[in-house]
Amino acid sequence: MLDNINTGTIVVEDLEVGMTRSLTKIVTDQDIEMFAEVSTDRNPVHLDDSYAQDTIFEGRIAHGMLTAGLISAVIGEQLPGHGTVYLGQTLKFMAPVRPGDAVEAVVTVLSIDYARRRVQLQTEARVGETVVLKGEATVLAPSGKFD
């Protein structure tokens, strides 16, 4: 289940500091299995219940980069949206995401260099009130100018 709150591309000329967009997705066992397949990261903490039970997480967790991918989805689909080019991303993983968790990915505009089309974004993912991931992204935003 994916809930896009505000979709659509926002060109750099229309961006403003403080703009926020988000999406919420329930992370499923199938998501974790497909991510393991695509990424080739088959760490048993993600895939094996009995193995994961004996870790500090006391159960299976989703890949951190699967959660980070939800941030990428907000950037690429909503803020700024289609045509955005990722230039950099910092990530700090704060808490685990488990199968069945509803993850809300939130992106907020921190600063804009209109001349260079560069936008600094605050990125965060939460499960309920718990911040599970935070960081900042730098992107090249699409322009509405065709000169």
Do the side chains of [Y] and [X] get nearer than 4.5 Å, heavy atoms only?
| X | Y | value |
| --- | --- | --- |
| Arg42 | Leu47 | yes |
| Thr67 | Val132 | yes |
| Ile61 | His46 | yes |
| Met19 | Thr108 | no |
| Val27 | Ile32 | yes |
| Val107 | Thr123 | yes |
| Ile75 | Val139 | yes |
| Lys92 | Thr90 | no |

Could you measure the distance from the [atom1] atom of [X] to the [atom2] atom of [Y]? Nearest 0.5 Å is fine.
| X | Y | atom1 | atom2 | value |
| --- | --- | --- | --- | --- |
| Asp101 | Thr24 | CG | OG1 | 12.0 Å |
| Gln78 | Thr84 | CD | OG1 | 11.0 Å |
| Thr138 | Tyr86 | OG1 | OH | 10.0 Å |
| Leu79 | Thr9 | CG | OG1 | 10.0 Å |
| Gln30 | Glu37 | CD | CD | 12.0 Å |
| Ser22 | Leu70 | OG | CG | 11.5 Å |

Taking everything shown except Met34 itself, do over 12 heavy atoms lie less than 6.0 Å from its CE?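 Enclosed.
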
State, to 0.1 Å, how close [X] and [Y] come at their nearest heavy-atom pair, and which atoms those are.
| X | Y | answer |
| --- | --- | --- |
| Ser143 | Val11 | C-CG1, 3.8 Å |
| Pro142 | His82 | CG-O, 3.5 Å |
| Asp31 | Leu66 | O-CD1, 3.6 Å |
| Phe93 | Gly64 | CE2-O, 3.3 Å |
| Ile10 | Arg21 | CD1-NH2, 3.5 Å |

Side-chain donor or acceptor of Arg117 paired with backbone N/O of Ile112 under 3.5 Å: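 No.
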
Just by distance, do the side chain of Asn43 and the backbone of Val45 share a donor-acceptor pair under 3.5 Å?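 Yes, because the side chain of Asn43 sits within donor-acceptor range (under 3.5 Å) of the backbone of Val45.
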
Ring geometry between His63 and Phe35 (parallel below 30°, tilted from 30 to 60°, perpendicular above 60°):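 It falls in the tilted class, 30° to 60°.
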
Side-chain donor-acceptor pair present, Gln120, Glu136, cut-off under 3.5 Å: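 Side chains of Gln120 and Glu136: pair found under 3.5 Å.
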
Would you say the side chains of Ser111 and Asp113 form a donor-acceptor pair under 3.5 Å?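 On atom types as modelled, these side chains do not qualify, holding no pair under 3.5 Å.
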
Ala141: which residues meet the side-chain contact (heavy atoms from CB on, under 4.5 Å) condition with it, sequence neighbours left out?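 Listed in chain order: Val12, Leu15, Pro80, Val119.
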
Give the cluster check for [X] versus [Y]: same hydrophobic cluster or not, with ILVMFWY residues linked at side-chain heavy-atom distances below 4.5 Å.
| X | Y | result |
| --- | --- | --- |
| Val131 | Leu23 | no |
| Met94 | Met65 | no |
| Val74 | Leu110 | no |
| Leu121 | Val106 | no |

Presence of salt bridge, Lys134 and Glu124, under 4.0 angstrom: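 Between Lys134 and Glu124 there is no salt bridge, as every charged N stays at least 4.0 Å from the carboxylate O atoms.
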
Which residue pairs pass the salt bridge (charged side-chain N to carboxylate O under 4.0 Å, His left out) test with at least one member in residues 59-76, sequence neighbours excluded?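 Residue pairs passing salt bridge (charged side-chain N to carboxylate O under 4.0 Å, His left out), neighbours aside: Asp29-Arg60, Asp49-Arg60.
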
